[in-house]
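Have a look at the structure below, then the notes.
No experiment lies behind these values; they were computed from the predicted model shown. Just so you know, these numbers use all the heavy atoms, side chains as well, and skip hydrogens, waters and symmetry mates.
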Amino acid sequence: MPKPDSTPPSNFIRSIIDEDLKTNKYGGRVHTRFPPEPNGYLHIGHAKSICLNFGLAADYGGPCNLRYDDTNPSKEEPEYVESIREDVRWLGFDWGDREFYASDYFDQLYEYAIQLIKAGKAYVDDLSADEIREYRGTLTKPGKESPYRNRTVEENLELFERMRAGKFEDGSRVLRAKIDMASPNLNMRDPVMYRILHAEHHRSSNKWCIYPTYDFTHGQSDSIEGITHSICTLEFEDHRPLYDWFLDELNVYHPQQIEFARLNLSYTVMSKRMLLELVEHGYVTGWDDPRMPTISGFRRRGYTPESIRDFCERIGVAKRDSIVDIALLEHCIRKDLNRRAPRVMAVLRPLRVVIDNYPEGQVEELDALNSPEDPDMGTRKVPFSRVLYIEREDFREDPPKKFYRLAPGREVRLRYAYFIKCVGVVKDEQTREVVELHCTYDPQTRGGDSPDGRKVRATLHWVSASHSLEAEVRLYDHLFVKPDPTDNKDGSNFKMHLNPNSLETLTSCHVEPSLAGAAPRSRYQFERLGYFCVDSVDSSQGRLVFNRTATLRDTWAKIEKTQAKGAKVTEAPGQSKLAHLRKDAPATGRREELEPIGEEINIDDFSKIDLRVGLVRDSSAVKGSNKLIKLMVDIGEGRLRQIFAGIRPGYPDPEKLVGKKVIVVANLKPRQMKFGLSEGMILSGGDADRLCAPTFEHDPLPGDKVT
RNA sequence: UGGGGUGUCGUCAAGCGGUAAGACACGGGCCUUUGGAGCCCGCAUUCGGAGGUUCGAAUCCUCCCACCCCAGCCA
């Protein structure tokens, strides 16, 4: 039974329930339900609703029903009810014997309809669908009453009975509630209650040829089940008056509907229609493709139910539209798997390493921890031999700054094994690609400790070439490249934002032998790489297939990315208008040379940067520097800011800047530099010999915001 | 131009008239046989905007602005 780690976070729904309990509105009862339509697979948005409904019930000591809203036989299938059952169960919830179907209530609903007809509150309409639409009016214009609106009760009763008896064609007639064709709420303009549909229903088969609409079904189903708090999503907010109307006219038990905002997740889509499209057009391999935001997708991807529940609790419940950062979900699964996944070594892109001074044919079984977090998880043996594989990216012939893995002449530790030093590099004659490394090992460092206390900066994972097992590994990334793929204001289609690299399949991976026979779905941490699980569909005894659930946080990747971006800017000095924009240039004061900027600055950064017009009141060269100019700038704060800018090359005569207007990045933290405090940055660009002077539509004042 | 909703940090989100929780992300540091994990520190003088009420307003009032939903015989 899912149990919240701590006290559940406060939210508006709990407040309502607390209040209801206080006023004894429902006799102290709390009874919820999760009401999916079996027309597709459940996704993580449904998980939010499931956790909410089952969670609330559990916390308040009441039941939660599982009810299928199966009122549209043309879209619903048993395959879906099966998958829903499995997913809810997998998430860890139990609905006991309370598995219900709206279709169970068809008889009752029919009686309710008769009751409304008899009360003169419903009528059979002969208008076509198109005509009904026309008669409905628009958002601003009231609708017109149907000419059939005032039939007698007897006539309506007879017609409705004949509808039920199959005397009419699909679409030829409907039963409508008689409410108000002039209502500003379109839902109240005589909504359809029953339509004729000669279709076989997945449960009631051919018993019915008329089916109640969702609007006429949902509220009454909740009423029949004695639901107290009927929680649904925002789009049903303006249906509530209609549901209230039905319940009141019928004079039956009246649950309370509460609406909350559905979940949106960045870099994916949550609409069943779009997910269906991805499945049907083969953009993914199925509803359970590990890239899908479906429960079955996450399950196959290696997510745990606990992590999803944790996520659903952390995102909260509110009424505002939002897009939750998928990084939060990833945080939840990492957190859970860090605790429970045994560590293991796997090499995804192998590079052969020969330990020259290790005896040929010798094999040692070294001890390795299954979890550094939890000693109770025990140890295992890992075979070490003369020929190994390490990760290709753990070696660089020409290591960049801060890369402290293996390189020619460098010593690193092989986890749980030895220190090794690279003494030779073998390259392919043609391609010049590194194909093999020669290393020596230090026998004194067995297990990974050096008796002489010398340090190495890196620890690498590895496998023994002859002992390792081959495996296929599937690397998954976000399904879309755009945070909100459904944002199509630019005329794009969500499918245009699919990530072409959302799946990378690696086929010649090597994993340590302890993974032989790993059970489908079992989860591991491949040390230094990420969390992986054995694929439940394609993996078998003879063929190991792993799915990457999540990467580990990768500090080096971040550094490298930063370095690459910095390099990109310096490659073409002057090319970019931002070539001189730098965050850290002479900040340390240690170097005179201009450093590449820390990272590439894009438009998003500018949306966060506060750019202000600054009037230069004083400008002078900085003694002891041939790059820096000290500026005193007025940005309308009632005082001058002191700013050091590395623009001397463009301004041999700094005095000429006095009186000029420049653009100041005003919301940077002041930096203590060798020459003094710098309170901002001057936006400059162009090539090395001139400052790009900002131009303005009007004459700006110091402190004006630049957009 | 009708009705229903919503606007608090980059992203979620507490807050309910007494002076802006927390999480993720981000930045910095410590530690480390995973550049993992962990630990520490920093990160909204301000709550869509403008007025008003009040000793005191994110919370109350007024006006304005922005965004979302509704014209299925879908749910």
Using the [atom1] atom in both, what is the distance from [N] to [M], to the nearest Å?
N      : M      : atom1 : result
C43(B) : A75(B) : C1'   : 43 Å
A20(B) : G15(B) : C1'   : 8 Å
A44(B) : G38(B) : C1'   : 28 Å
C68(B) : G51(B) : P     : 28 Å
U6(B)  : U59(B) : P     : 15 Å

Positive for salt bridge (Lys or Arg N to Asp or Glu O under 4.0 Å) with Glu411(A), one of Arg405(A), Lys421(A), Arg454(A), Arg457(A):
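Result for salt bridge (Lys or Arg N to Asp or Glu O under 4.0 Å) with Glu411(A): Arg454(A).
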Base, sugar-phosphate, or nothing: which does [X] touch, judged by heavy atoms less than 4.0 Å apart?
X         : answer
Pro372(A) : base
Ala318(A) : sugar-phosphate
Glu37(A)  : sugar-phosphate
Phe403(A) : base
Tyr211(A) : nothing
Asp321(A) : sugar-phosphate
Ile326(A) : nothing
Arg240(A) : nothing
Arg136(A) : sugar-phosphate
Val456(A) : nothing
Thr138(A) : base
Ile559(A) : base
Leu369(A) : nothing
His218(A) : nothing

So which nucleotide from [options] ends up closest to the side chain of [X]?
X         : options                : answer
Glu235(A) : G2(B), C69(B), C73(B)  : C69(B)
Thr555(A) : G3(B), A71(B), G36(B)  : G36(B)
Val174(A) : C73(B), G2(B), A75(B)  : C73(B)
Trp556(A) : A75(B), G36(B), G35(B) : G35(B)
Lys75(A)  : G35(B), C68(B), C74(B) : C74(B)
Lys402(A) : U34(B), G35(B), G3(B)  : G35(B)
Thr213(A) : G15(B), A75(B), G35(B) : A75(B)

Taking only residues two or more places apart in sequence, or in another chain, which ones meet [X] in a side-chain hydrogen bond (donor to acceptor under 3.5 Å, both in side chains)?
X         : result
Asp487(A) : none
Glu391(A) : His461(A)
Glu145(A) : Arg149(A)
Glu77(A)  : none

### Query
Starting at the 5' end of RNA chain B, which residue's closest nucleotide do you reach first, Lys455(A) or Tyr194(A)?
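First, find each residue's nearest nucleotide; the 5'-ward one identifies Lys455(A).
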I need the residues from residues 256-265 of chain A with at least one non-hydrogen atom less than 4.0 Å from RNA chain B; give them sorted by number, or say none.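 Going residue by residue through residues 256-265 of chain A, none turns out to have a heavy atom under 4.0 Å of RNA chain B.
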Listing time: all N or O pairs from protein to nucleotides 19-25 of chain B that are below 3.5 Å?
residue : atom : partner   : partner atom : Å
A23(B)  : O2'  : Arg314(A) : NH1          : 2.9

- Message: So, applying ring pair (Phe, Tyr, Trp, His ring centres under 6.0 Å) with Tyr211(A), which one of Tyr110(A), Tyr194(A), Phe106(A) is it?
- Response: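 Only match with Tyr211(A) under ring pair (Phe, Tyr, Trp, His ring centres under 6.0 Å): Phe106(A).
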Residues forming a salt bridge (charged side-chain N to carboxylate O under 4.0 Å, His left out) with [X], sequence neighbours excluded:
X         : value
Arg410(A) : none
Asp104(A) : Arg203(A)
Glu364(A) : Arg446(A)

- Anti or syn - G22(B), cut at 90° from 0: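 In terms of base orientation relative to the sugar, G22(B) is anti.
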Do Phe311(A) and Tyr303(A) make the cut of ring centroids closer than 6.0 angstrom?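 Between Tyr303(A) and Phe311(A), which both carry aromatic rings, the centre distance is not below 6.0 Å.
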* Nucleotide C16(B), atom P - distance to CG of Asp18(A) in whole Å ->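 That distance rounds to 15 Å.
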Margin query: If I take atom NE2 in residue His202(A) and atom C1' in nucleotide A75(B), what distance separates them, rounded to the nearest angstrom?
Written below: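 About 13 Å, once rounded to whole Å.
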Provide the Watson-Crick or G-U wobble partner of [N], both distances under 3.5 Å; none if there is no partner.
N      : result
G7(B)  : C65(B)
A13(B) : none
A20(B) : none
U54(B) : none

**Prompt:** Can a side chain N or O of Arg528(A) be found less than 4.0 Å away from OP1 or OP2 on G35(B)?
**Reply:**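 Answer yes for this pair, as a side-chain N or O of Arg528(A) is under 4.0 Å from OP1 or OP2.
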Assign the ring pair His478(A) / Tyr267(A) to parallel, tilted or perpendicular, where the plane angle (0 to 90°) is split at 30° and 60°.
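Parallel.
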Should the ring pair Phe236(A) and His239(A) be called parallel, tilted or perpendicular, given that the plane angle runs from 0 to 90° and is split at 30 and 60?
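It falls in the perpendicular class, over 60°.
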Query raised in the report: Are there more than 12 heavy atoms of other residues, nucleotides or ligands under 6.0 Å from atom CZ of Arg164(A)?
Result: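 Yes.
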